[in-house]
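Labels below follow one simple rule: chain letters A, B, ... track the order of the sequence lines, proteins then strands, and each chain is numbered from 1. Computation of the quantities below employed the complete heavy-atom set of this structure, encompassing side-chain atoms and omitting hydrogens, waters and symmetry-equivalent molecules.
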Amino acid sequence: MIEIKFFPIDIDYIEREEGIIIRIFGKTITGEKICVLDKSFKPNFLVIPEDNTNLSELLNQIKKISFEFDEKIIQVLDAELTKKKYLGKKVNAIKVFVRFTKEIKLIREYLKAIKEIKSIEEYDISSYKKYLIENKITPLSLCKVNGNIINTSLDVDIYVKGKVSQETDDILENPKVLSFDIETSNPASSVQGDNQPPIIMIGLAGSDGFRKCITWKEFKTSKKEIEFVSSEVKLLKEFKNIIKSYKPDYIVGYYSDGFDWPYIKARADFLKIDLDIGLDKKVIKFKRRAGNTSSVKINGIPHIDIWKFIKQIMSGDVASGSLQTQSYSLDSVAEEILGENKISLDILDLSDAWENNKGLEKFCLYNLKDAELCLRIFEKITPNINELVKIVSQPIYDVSKMTYGQLIENYLMKKTVDFNEIILKKPSFGERKARRYNTYTGGFVFEPKPGLYENLAVLDFRGLHPSIISAHNICLSTITDDKENSNESPEIDGIKFHFSYKEEGFIPQIVKELIERRIRIKEIIKKNESPVLKARSYALKIIAAGFHGYTGYFGARWYSIECSAAILAYARFYIKKLISKVEEFGFTVIYGDTDSVFIEIGNKNKDDILKFLKDFNNELPSLMELELESFYERGIFVGKKSAKTGAKKKYALINENKEIKIRGFEIVRRGWSNISKNIQRKVFEFILKENNVQKALDYVRKEVNEIKNKKLNMEDMVIRTQLNKNINDYESIGPHVAVAKQMLKKNIKVGPGSIIQYIVTKGTGLIRDRAKLVEDATDYDADYYINHQILPSIQTIFEVLGYKKEDLLEDEDQSKLKSFVKNG
DNA sequence: ACGCCCTGCTTACC
DNA sequence: ACTGGTAAGCAGGGCGT
């Protein structure tokens with residue numbers, strides 16, 4: 001017997017005659033590759049007997065189950081009596097062990113005939129997941145195995161059979177990462193199958209500084225990183241060799257699940273090459289996932305498509321620390337995260353360059369740079385992925401692909417062990433369908449009165465929804481008909497829900513713990529900021545913030561529309577209470593959305609705001625807290641374009657450091673040309689920074705004339721819209737769909753997710769008939785850009801200041817006269 | 001052909 | 001198909017005149 005300390009990296013199971021065996025690939029503390037077989041785990045599920053059942057009789061009956069199916073003997077290995085909690089209620093349960101995961105389904109069918117059985121639980125959880133949960137093992141965190149070394153033909157240094165247990169929460173430092181990127185001979189081609197253009201370059205970047213671009217047309221170069229092989233077959237074989245000899249802990253790519261791997265697979269199939277790069281020498285597998293995407297699994301080496309993680313978890317509007325980019329291209333993500341860009345060249349020129357073997361070197365460097373950027377983005381977001389791995393305790397391969405809902409669900413599943421709770425079932429197809437029709441009312445949005453305001457304060461509730469869950473004990477396990485001893489929710493369509501306060505619920509306890517941990521971490525960050533702590537705070541935040549959405553999600557195991565509805569009802573209650581208290585105090589509320597109020601300080605001062613904050617917080621339940629978001633010098637709220645009322649979710653503010661904060665306006669929306677965004681930005685600057693409306697007006701008139709008279713940069717005229725469906729599924733053919741059709745005709749690949757770029761050109765008819773691909777557009781329609789891009793983006797702003805649309809178009813002489821009259 | 005209203009669709013905010 | 005609801009606003013679709 002020996003003991004070896006290691007970090008688990010990838011987990012699956014293998015099948016032997018005697019049953020499944022959990023297999024863990026990892027790295028020892030001395031840096032060796034290790035594979036551990038843990039036989040201690042047996043696939044299992046729970047049987048819940050009807051009340052008043054003779055338990056030992058039922059137990060014996062279950063233990064004896066053995067039948068034949070498909071010429072194989074299916075049998076129960078063992079069963080034991082146990083006590084569990086089902087949503088807080090104590091229940092008797094029989095834990096049933098079998099040899100193979102796939103036997104569970106058959107035995108479950110068999111058990112359905114036994115009338116003493118009330119229900120069967122925990123049968124729909126994959127074995128490695130259950131293994132990690134039951135044994136409280138967190139991947140990437142230090143574990144130990146006690147066992148015996150055995151011989152192996154696997155690509156590892158040590159092969160051990162034994163029992164694994166968690167040691168500490170020290171995480172794997174400096175993993176060896178290999179990033180890759182491919183180029184094909186015709187980057188624009190959408191051809192699939194045997195005629196698919198060949199792969200001509202593979203760029204590789206390793207975390208220890210390793211750099212290589214392999215290609216198969218020789219040319220003169222001094223770059224040592226460029227390696228020549230003689231054919232595409234040799235290229236793919238060399239790619240495999242490098243992976244084998246480099247021995248990366250992870251393989252990362254950018255959109256590699258969506259493009260690089262499927263492409264490599266297609267070419268490898270065509271060229272009859274096995275992609276047997278798993279540490280067990282098995283070929284890579286394509287796991288079907290939601291939609292028409294799949295993800296690539298390499299046994300023993302997590303493959304991480306960072307595009308997926310960035311898009312799903314790091315994207316946009318969730319946290320201040322996260323990405324603001326509107327496009328998930330490698331270039332814009334690299335710019336945002338690293339402050340660095342791709343090598344600038346037109347990749348469409350590659351097909352000519354390849355054909356004529358002319359100027360290929362720069363494409364190789366471009367290819368290599370892409371791989372390098374991908375690697376460095378991965379290194380930058382590693383703390384974020386690691387923190388989520390630590391929280392949900394699932395393999396990095398899985399966590400890097402999880403959506404919010406899955407992160408929360410996996411976290412809840414992990415926490416069941418501490419509470420002895422039964423893991424609830426996934427809803428059936430029918431249930432999901434039925435649940436989808438259930439909706440509930442969301443947050444309250446206060447309609448602003450359009451205007452330019454001075455001296456504002458913005459207050460918001462810290463983590464409103466999680467703090468409500470905790471403060472009012474909202475949970476599937478506490479919801480009750482008992483009106484005594486319970487919290488009563490505000491009325492929802494005439495109904496009030498009740499949540500017992502006798503015992504703290506499963507979810508409220510978990511949420512409370514998350515909130516408290518985050519408060520502690522934020523305290524530490526104040527004194528000592530670090531990327532790891534920031535990532536931890538972010539991870540705790542997104543998990544805590546996701547619960548109310550999760551319980552209202554039709555696919556959730558812990559689904560409860562009542563809980564979600566109640567959380568939101570409380571949220572409306574608190575924000576409305578806040579608004580009325582603010583007004584009682586003598587302030588004017590300008591705006592508010594869900595958990596915030598925008599206050600005009602007016603003839604009072606900042607200290608009054610702080611006093612109000614203190615008073616209000618004194619009356620809030622524990623863990624609920626109203627915070628000062630910031631003071632602002634000036635702010636503008638506009639009216640809707642189609643009606644006289646104030647527009648919600650749109651405002652522009654400037655704080656005391658002259659920083660402008662813009663929400664909802666065209667500037668922050670994709671789908672608007674740069675020309676209109678740039679003009680709008682300038683207008684806000686003149687109005688908010690300089691408080692000079694006349695300057696803004698003059699600027700707009702000048703710009704409008706330039707658009708009319710000059711040929712401005714075509715790049716500024718480009719409109720970008722995302723395609724979200726297959727082209728043929730559109731009922732309504734908008735400009736971007738029409739342009740996507742043009743692209744398909746030219747054999748340029750487009751599909752759901754593609755960002756379609758176009759310019760509206762002169763001509764007659766519908767806009768879609770005049771929308772052209774950027775490369776095909778030789779002019780732009782000035783009228784369109786003035787009336788459909790510029791004016792709409794600034795009109796409502798100027799209306800607030802007393803100007804009409806016509807005022808914006810007048811030439812300068814008239815306008816001076818008019819403003820003279822106006823001011824006089 | 002034009003104006004009107006409705007709907008499909010995209011993209012924001014929290 | 002993968003957390004939820006709330007909201008603005010464009011362009012096309014379809015209708016009547």
Margin query: Any N or O donor-acceptor pair under 3.5 Å from the base of C:dC2 to the side chain of A:Tyr553?
Written below: yes
Item checked: Base B:dT11 paired with A:Arg670 side chain (donor-acceptor, <3.5 Å) -> no
Rounded off to whole Å, could you give me the [atom1]-to-[atom2] distance for the [X] and [N] pair?
X	N	atom1	atom2	result
A:Ile542	C:dG4	CD1	P	16 Å
A:Leu412	C:dT3	CG	P	14 Å
A:Leu514	C:dT3	CG	P	18 Å
A:Glu666	C:dA8	CD	P	13 Å
A:Lys661	B:dC13	NZ	P	10 Å
A:Tyr437	C:dA1	OH	C1'	14 Å
A:Gln312	C:dC2	CD	C1'	9 Å
A:Leu766	C:dG14	CG	P	12 Å

[X], nearest nucleotide to its side chain (from [options]):
X	options	result
A:Thr439	C:dA11, C:dG5, C:dT3	C:dG5
A:Val668	C:dA11, B:dA12, C:dC10	B:dA12
A:Pro735	C:dG12, B:dT10, B:dC14	C:dG12
A:Lys649	C:dG9, B:dG8, B:dC13	B:dC13
A:Tyr440	C:dG5, B:dG8, B:dT10	C:dG5
A:Arg432	B:dC9, C:dC2, C:dA11	C:dC2
A:Ile767	C:dG12, B:dC14, B:dC13	C:dG12
A:Val445	C:dT6, C:dG9, B:dT11	C:dT6
A:Thr594	B:dC14, B:dT11, B:dG8	B:dC14

Inspect the contact between [Y] and [X] and indicate whether a charged nitrogen and a carboxylate oxygen are less than 4.0 angstrom apart.
X	Y	result
A:Glu715	A:Arg720	yes
A:Glu799	A:Lys805	no
A:Lys648	A:Asp593	no
A:Lys426	A:Glu431	no
A:Lys661	A:Glu629	yes
A:Asp124	A:Arg557	yes
A:Arg634	A:Glu685	no

Phosphate OP1/OP2 of [N]: any [X] side-chain N/O under 4.0 Å:
X	N	value
A:Tyr591	B:dC14	no
A:Tyr730	C:dA11	no
A:Lys650	C:dA8	no
A:Ser732	B:dT7	no
A:Gln406	C:dT3	no
A:Lys725	B:dG8	no
A:Arg663	B:dC14	yes
A:Lys648	B:dC14	no
A:His736	B:dC9	no

Looking for any heavy atom pair under 4.0 Å, which part of the strands does [X] touch: base, sugar-phosphate only, or nothing?
X	answer
A:Ile733	sugar-phosphate
A:Tyr784	sugar-phosphate
A:Thr441	sugar-phosphate
A:Gly405	sugar-phosphate
A:Thr551	nothing
A:Phe444	nothing
A:Asn724	sugar-phosphate
A:Tyr559	nothing
A:Ser564	nothing
A:Arg768	sugar-phosphate

Item checked: P spacing across the pair B:dC9 / C:dA1, given as an integer number of angstrom -> 15 Å
Check: Considering heavy-atom distances to DNA chain C, does A:Gly555 or A:Gly443 have its closest nucleotide positioned more toward the 5' end?
Finding: A:Gly555
Next item on the list: Apply side chain to side chain donor-acceptor pair (under 3.5 Å) to the pair A:Ser256 and A:His303, showing each step before the final yes or no.
Entry: CA-CA 9 Å; A:Ser256 43; A:His303 162 243; 2.8 Å; yes
